[in-house]
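Within every chain, numbering begins at 1; the chains are lettered A, B, ... in the order of the sequence lines, protein sequences first and strands thereafter.
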Amino acid sequence: MTVALAGKDIGPQIEKALPGSVLESAPGYVMLKPEFLVQAATFLKNDPAMAFDYLNFVTAVDYYDYFEAVYQVTSMTHNHTLMFKTRCYNRVDPVIPSIINVWQGADFQEREVYDLLGVYFEGHPNMKRIFLWEGFEGHPLRKDYL
Amino acid sequence: MEIERPHIYPDIAIDRAEGKVINDLKIASQPIIPDPDKWLDSELEKNMFLTTVDAVINWSRRSSLWPAICFPACCAFEFIATNGPRFDLSRFGMEILRASPRQADLMITAGTLTWKMAPNVRRIYDQMPEPKWVIAMGACAISGGTFASASYATVPGYNHIIPVDVYVPGCPPRPEGLIYGIQMLQQKIAKRSLADKA
Amino acid sequence: MALHTEPFILNIGPVHPSTHGVFRIRATLDGEVIVDIEPVFGYLHRGVEKLAEQRTYTGIIPLTDRMDYITSMSNNLAYVLAVEKLAKVKVPERAEYIRVIMAEMQRICNHLVAAGAFINDCGAFFTPFLYMFREREKLMDLFEMVSGQRLTYNYMRVGGVSQDLPAEFLPALRKFLKEMPAHIAEYERLINDNEIFLARSRMIGILPKELAINCGISGPVARASGVKWDLRKADPYGIYDRFEFDIPTGTVGDANDRYTVRIAEMKQSLRIIEQAVEKIPAGPVISDVPKVLHPPVGEAYGHLEGPKGELGFYLVSDGGIAPYRFHVRPPSLINLTALRQMLIGWKIQDAITIFGSIDITMGEVDR
């Protein structure tokens, strides 16, 4: 049975390895600061006790004041899973670092988030629209689109 | 372990050119294209002479319609099932599914049309030689179906892009329904005359 | 005298008889060998995630049918699992058994189409495909008995299933279970040792195990590369922990292994259905859930082992009648992440075969 790890347990461990990176450790998820995202992801993947080698999904949600990027990772060796998030408070030009160099599975999913919500992922080698055509105006999944 | 990840070169110039084509088509496709051959009403039928040449040519055209491949979505699987062993389309002469539109005369549009796909469908339709017919299969092909309300990406029906002859409703239509639609089209072809050009 | 050559860009698709829907590859070729590819999606993007924000939780179920239209029961089930996790709803026993039977029948249906289309791409123009369609018609008859529809069933509901099995369903299913192993043996006899099939699929499009895990690839594609990960065993949902079955895995990770894994999975699915048919109890098929559901504020991620991989739904609720955010984790799109690395260096003909062996459905890639 896959154990959903509590954010309350993992948050302090990440905080110990990378001081200042964790904003909140809720029961269901860990909230990270965007600047520390790539380092925390590398730590989660390489640390032998965690060994999160499989990325379930990457997505983002538009809460009216901020965009929240949601990630879920699973470890096949230990059979546990964790959800972590990060926020971006800029509505006009949101930028979040890309974790494509940690898990390659984030490739198309980050492009989809850019296409439908407008969040730019820095560090992605091919950041352009994937489902809609070049020249389409706006980002449909935003709450203020039409 | 290090995963080798080669660099991707984005083709932005090609994407921009294609995007412009799609935007132009979207602006130009707001009105519905009317039906090419109007259904004959009874008064006209009394005055029409179908010669033997017409009868033979119409019989050969309607008995060997070759579909072109245009399979975006779910209705494609009902079309393939109609082609399959139980509901056999080859008894109507239609078992040939040619990949090239230049050798086809019927386009069965099986699936939702999006604006990104629309220029390609129009191009396939233009590449088919005359005489050609179109059957709009399924609710998405008739009016956009269940996806019409988020119409930032869906074309509300194929008849904005190409002229349609027969509409087959259903989501997806049963193979028997599709066969009935094909038979209606065959009746329509039987009434054509060499004298009228589409 | 050296011959001057230069690479050129060829467009494969979106209208092509072998591309499993509208999928386009812009391939840069050097002669016949592929040097670089760029996949282009979006020709079937219908905005399902935006549409779902305007419908009630039960009204989204028909939308989920049409995403991966070959595995409608699994789509429905994954979505309903996510809503039940969000709203903390219990499901009666009989409904759980019915769900397992439907999901496994759907797995057989999907693998029939997948294997048939793959052999189609290898060159056996339509003959094995139509043999497999003969069996699929029998399964579609069974589905029609239960839900009234042949392709997009809209059968699962939050808290159970929408209607009970009719009286003639279980005898017909038993009859199907008796006949199916003979048909699978027929396919294996016809195809497995065929020289042309082996030449076209052995050692073609090898996917290494570490790359598969890193890209998030799941389902038969990952299992063929040696990753022993199946959500029915690792994270059992429903009552899967009560059934006995094996997880077939491959060794090399080539196209032939993916085909073999799918045929073996069909046999395991038959085993699960036999066990479920023996033990199914009587009782209600849906628990008492209001027609318009108001789940509490929160989020949930419900996933299952679909025929193509891990299919998951991420829902965020704000207490209203429609979800605030509805996101699908599409196995077909994520299984394509390594496409570039799998295709570079092969010829175009092999590219079509490799792409066919991954088994995707464009309705799910584009949503």
Side-chain angles (χ1 to χ4, degrees), chain B residues 1-11 14-15 18 68-78 80-81 83-88 95 97-101 111-118 120-121 123-124 127 140 144-154 170-175, chain C residues 9 13-22 24 26 28 36-38 40-55 62-63 65-70 72 113 126 129-134 136-137 140-141 149-152 208 210-211 214-215 340-341 344 361-363 366:
Chain B
M1 107 161 213
E2 262 319 303
I3 306 274
E4 244 287 338
R5 203 167 172 277
H7 183 70
I8 299 181
Y9 303 95
D11 299 324
I14 306 181
D15 284 333
E18 289 171 10
I69 291 189
C70 173
F71 291 159
C74 351
C75 283
F77 273 88
E78 285 298 78
I80 298 177
N83 232 341
R86 185 184 280 191
F87 313 94
D88 192 12
E95 81 268 9
L97 263 183
R98 289 289 181 218
S100 162
T112 319
L113 185 67
T114 56
W115 286 114
K116 195 168 183 182
M117 184 67 190
N120 302 308
V121 167
R123 190 188 281 181
I124 300 264
Q127 284 178 348
C140 293
T146 183
F147 302 103
S149 42
S151 55
Y152 68 86
T154 331
C171 191
R174 281 192 63 105
Chain C
I9 298 186
V15 179
H16 187 280
S18 290
T19 54
H20 296 257
V22 280
R24 179 174 169 203
R26 284 205 279 247
T28 311
D36 189 12
I37 68 152
E38 191 192 345
V40 181
F41 316 116
Y43 291 99
L44 198 56
H45 177 73
R46 301 173 275 197
V48 167
E49 298 194 354
K50 182 93 187 168
L51 274 175
E53 292 173 9
Q54 300 157 9
R55 292 185 178 207
L63 271 187
D65 266 335
R66 284 152 177 84
M67 282 191 318
D68 182 358
Y69 32 86
I70 312 183
S72 292
V113 171
F126 274 119
F129 195 35
L130 290 180
Y131 271 70
M132 295 176 176
F133 258 75
R134 192 184 54 186
R136 192 160 174 259
E137 289 287 335
M140 282 164 110
D141 276 344
Q149 253 278 28
R150 278 167 53 100
L151 200 65
T152 51
E210 288 81 19
L211 184 62
N214 200 21
C215 283
R340 210 168 153 267
Q341 279 134 307
I344 289 186
T361 305
M362 285 319 283
D366 288 337

- prompt: Given a strict heavy-atom distance threshold of 4.5 Å, which part of B/L113 is in contact with chain C: side chain, backbone, both, or neither?
  reply: neither

- prompt: Does OH belonging to C/Y131 count more than 12 external heavy atoms closer than 6.0 Å?
  reply: no

task: Answer yes or no: is there a side-chain heavy-atom contact under 4.5 Å between B/C70 and B/I124?
output: no

Backbone N/O of C/F41 and side chain of B/K116: donor-acceptor pair under 3.5 Å: yes

message: With a 4.5 angstrom heavy-atom cut-off, is it the side chain or the backbone of C/R66 that approaches chain B, or both, or neither?
response: both

- prompt: Given a strict heavy-atom distance threshold of 4.5 Å, which part of B/C140 is in contact with chain C: side chain, backbone, both, or neither?
  reply: neither

- request: Can you establish whether the number of heavy atoms outside B/R86 located under 6.0 Å from its atom CZ is more than 12?
  value: yes

task: For each of C/V113, C/V48, C/T28, C/D141, tally heavy-atom pairs with chain B at distances under 4.5 Å, and name the one with the top tally.
output: C/D141

message: Under 4.5 Å from any heavy atom of chain C, what part of B/A73 do you find: side chain, backbone, both or neither?
response: both

query: Is the shortest side-chain N to carboxylate O distance from C/R340 to C/D36 below 4.0 Å?
result: yes

